[in-house]
Number of protein chains: 2
Amino acid sequence: MDTKSLIIEIATTLFQQKGYKGVGLNEILKVCYVTKGSFYHHFPNGKEELLIACLQLMEEAITKDIEDIFNQFQTTQEAIHAMIEKLVDDFEREGTITGYTFSSMVSEMASLSESVRNACSSLYTKIQEIYSNKLVEDGFSKEMGYSIALMMTAFIEGGMMLCITQNASAPLKTISDVLPYLLKENE
Amino acid sequence: MDTKSLIIEIATTLFQQKGYKGVGLNEILKVCYVTKGSFYHHFPNGKEELLIACLQLMEEAITKDIEDIFNQFQTTQEAIHAMIEKLVDDFEREGTITGYTFSSMVSEMASLSESVRNACSSLYTKIQEIYSNKLVEDGFSKEMGYSIALMMTAFIEGGMMLCITQNASAPLKTISDVLPYLLKENE
DNA sequence: GTCTATATAAAGATAGAC
DNA sequence: GTCTATCTTTATATAGAC
């Protein structure tokens with residue numbers, strides 16, 4: 001793999017685990033076996049440029065992943081259930097949630113950098129579109145589909161936050177169990 | 001006000017706005033007109049000790065605030081509606097959400113400091129207990145009350161995250177509109 | 001495109017006078 | 001309890017050889 005992609009891949013994981021400010025450039029480059037000089041050749045605008053590149057990679061990876069799951073299942077309910085199950089598995093295996101979330105980047109950087117905020121916003125919008133389209137297929141109105149997609153995103157983000165805080169997968173599991181009510185009773 | 005309390009108050013606001021790593025000690029102390037020497041007299045263990053103190057202050061302030069709102073209204077549904085409305089108002093007025101959230105602290109620090117994670121966990125538990133108790137008053141079973149309280153917390157946290165990301169209050173408003181379905185149809 | 005060496009600024013923290 | 005001055009480490013970033 002070329003140097004630039006390598007840096008982006010490794011930095012993405014580290015940012016997701018420890019947040020943007022929680023990882024120093026030195027740490028990233030040490031893991032990559034890449035030097036400062038090489039880094040600034042690929043990212044002349046430094047660390048923030050790297051973050052934006054990572055957010056774009058996340059956008060691709062996350063949307064692809066979610067789309068795959070949503071294509072595998074007939075209904076939104078089944079798909080979202082499978083999705084959360086996967087998050088829970090990852091969390092129980094690795095101890096951290098690296099997929100489908102970038103909340104640390106949002107909460108750290110949204111107030112500090114407009115371009116980072118926009119990249120995050122774009123990502124959430126993409127995810128919600130996938131949900132929303134599936135919900136319309138399921139028979140929901142466009143408006144209702146939009147609202148529920150928004151809620152689902154908030155739900156999952158909040159659930160991940162609680163899992164990280166409690167260092168336990170129970171919150172996401174509970175949410176996964178209760179979500180069907182949301183989807184069924186409004187159809 | 002005594003120096004220690006002053007530092008805690010100002011630091012709390014700054015941490016909520018910019019996250020823990022987003023604010024330097026220098027910045028905090030400059031706003032307080034307090035010197036390093038004085039700071040380390042009150043907080044021998046430095047910045048992380050200050051953060052813990054801030055989280056405790058938040059715990060008091062947030063629980064008191066939410067309890068007041070919940071005492072003002074008959075049902076959970078009305079209370080939570082008023083609560084979200086207050087969040088939305090604050091956001092529209094100030095541009096940032098400083099109340100009821102500390103997600104930046106969680107996502108930045110949970111993987112790095114166990115004692116910070118515990119303080120955050122305690123805070124979420126307290127909030128959920130308030131919801132849960134009210135829900136039991138409303139006629140829900142203890143188990144159902146617990147699940148719904150968890151969901152509500154996840155919902156609101158996720159909603160705030162989306163508001164910050166989109167720099168708009170729409171997400172929380174949508175959530176506020178749709179929440180009644182969750183509470184009504186399971187009663 | 002990659003390297004080493006260096007610059008520069010900011011972080012958190014300490015020492016000791018008052 | 002508060003002050004100034006200082007220390008140490010780490011951060012991001014740059015210069016210039018190869």
Side-chain angles (χ1 to χ4, degrees), chain A residues 1-55 57 104-105 107-117 119, chain B residues 1-55 57 104-105 107-117 119:
Chain A
M1 192 187 326
D2 63 303
T3 306
K4 190 168 183 177
S5 307
L6 176 70
I7 298 172
I8 295 174
E9 283 225 345
I10 288 180
T12 298
T13 306
L14 289 172
F15 285 154
Q16 286 177 315
Q17 285 171 348
K18 306 188 188 183
Y20 177 69
K21 305 226 171 181
V23 199
L25 221 43
N26 295 313
E27 183 182 349
I28 296 169
L29 299 180
K30 201 174 171 185
V31 178
C32 303
Y33 297 102
V34 167
T35 57
K36 286 265 166 77
S38 187
F39 170 77
Y40 280 98
H41 170 77
H42 294 290
F43 302 92
N45 296 322
K47 196 185 175 188
E48 189 166 320
E49 185 182 349
L50 172 60
L51 174 61
I52 308 265
C54 290
L55 287 169
L57 177 68
S104 54
M105 270 69 87
S107 44
E108 278 179 82
M109 295 297 292
S111 66
L112 304 174
S113 161
E114 186 70 0
S115 53
V116 171
R117 195 187 60 71
Chain B
M1 193 185 329
D2 63 303
T3 305
K4 189 168 182 178
S5 307
L6 176 71
I7 297 173
I8 295 174
E9 282 225 344
I10 288 180
T12 298
T13 306
L14 289 172
F15 285 154
Q16 285 177 316
Q17 285 170 351
K18 306 189 188 184
Y20 176 69
K21 305 227 170 180
V23 199
L25 221 44
N26 296 311
E27 185 182 348
I28 297 168
L29 299 180
K30 202 174 170 184
V31 179
C32 304
Y33 296 103
V34 168
T35 58
K36 285 265 166 78
S38 188
F39 170 77
Y40 279 98
H41 170 77
H42 294 290
F43 300 93
N45 294 322
K47 198 186 175 188
E48 190 166 319
E49 184 181 351
L50 171 60
L51 175 60
I52 308 264
C54 290
L55 287 169
L57 177 68
S104 53
M105 268 70 85
S107 44
E108 278 178 82
M109 295 296 292
S111 67
L112 305 175
S113 160
E114 186 70 1
S115 53
V116 171
R117 195 188 61 69

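This one's a predicted model, so the numbers in the text were calculated from it and none came from an experiment. All values below were derived from every heavy atom in this structure, side-chain atoms included, with hydrogens, water molecules and symmetry-related copies excluded.
- Y40(A) is listed as a side-chain neighbour of L25(A), based on a closest heavy-atom distance under 4.5 Å.
- Between the CD1 atom of I7(A) and the C1' atom of dG1(C) there is a distance of 11 Å, rounded to whole Å.
- The CD1 atom of I28(B) sits 7 Å away from the P atom of dG12(C) (whole-angstrom rounding).
- Relative to the side chain of L25(A), the nucleotides dT2(C), dC3(D), dT12(D) differ in distance, and dT12(D) lies closest.
- One atom, CG of L29(A), and another, P of dA11(D), lie 11 Å apart when rounded to the nearest Å.
- As a whole-Å value, the separation of K36(B) NZ from dT2(D) P is 16 Å.
- The separation between F39(A) atom CZ and dT4(C) atom P is 17 Å, rounded to whole Å.
- One finds a side-chain N or O of K47(A) lying less than 4.0 angstrom from the OP1 or OP2 phosphate oxygen of dT12(D).
- Side chains of I10(A) and Y33(A) form no contact here, defined as non-hydrogen atoms less than 4.5 Å apart.
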Apply salt bridge (Lys or Arg N to Asp or Glu O under 4.0 Å) to residues R117(B) and E114(B) and explain how you reach the verdict. CA-CA 5 Å; R117(B) 195 188 61 69; E114(B) 186 70 1; 2.7 Å; yes

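- Side chains of F15(B) and L50(B) form a contact here, defined as non-hydrogen atoms less than 4.5 Å apart.
- Atom CD of E27(A) and atom P of dT9(D) are 18 Å apart (whole Å).
- For T3(B), a side-chain nitrogen or oxygen approaches OP1 or OP2 of dT2(D) to under 4.0 Å.
- Proximity of N26(A) to the phosphate of dA11(D): a side-chain N or O atom is located under 4.0 Å from OP1 or OP2.
- Using a 4.0 Å heavy-atom distance criterion, G37(A) is classed as a base contact.
- OP1 or OP2 of dG1(C) lies within a sub-4.0 Å distance of a side-chain N or O belonging to H41(A).
- Residues M105(A) and C54(A) are not in side-chain contact: their nearest non-hydrogen atoms beyond the backbone lie 4.5 Å or more apart.
- Distances shorter than 4.0 Å separate some side-chain N or O of Y40(A) from OP1 or OP2 on dA13(D).
- At the phosphate of dC3(C), OP1 or OP2 sits under 4.0 Å from a side-chain N or O atom of T35(A).
- Here dG1(D) presents its P atom at 23 Å from OH of Y33(B), a figure rounded to the nearest Å.
- To the nearest angstrom, P of dG12(C) lies 15 Å from CD of E49(B).
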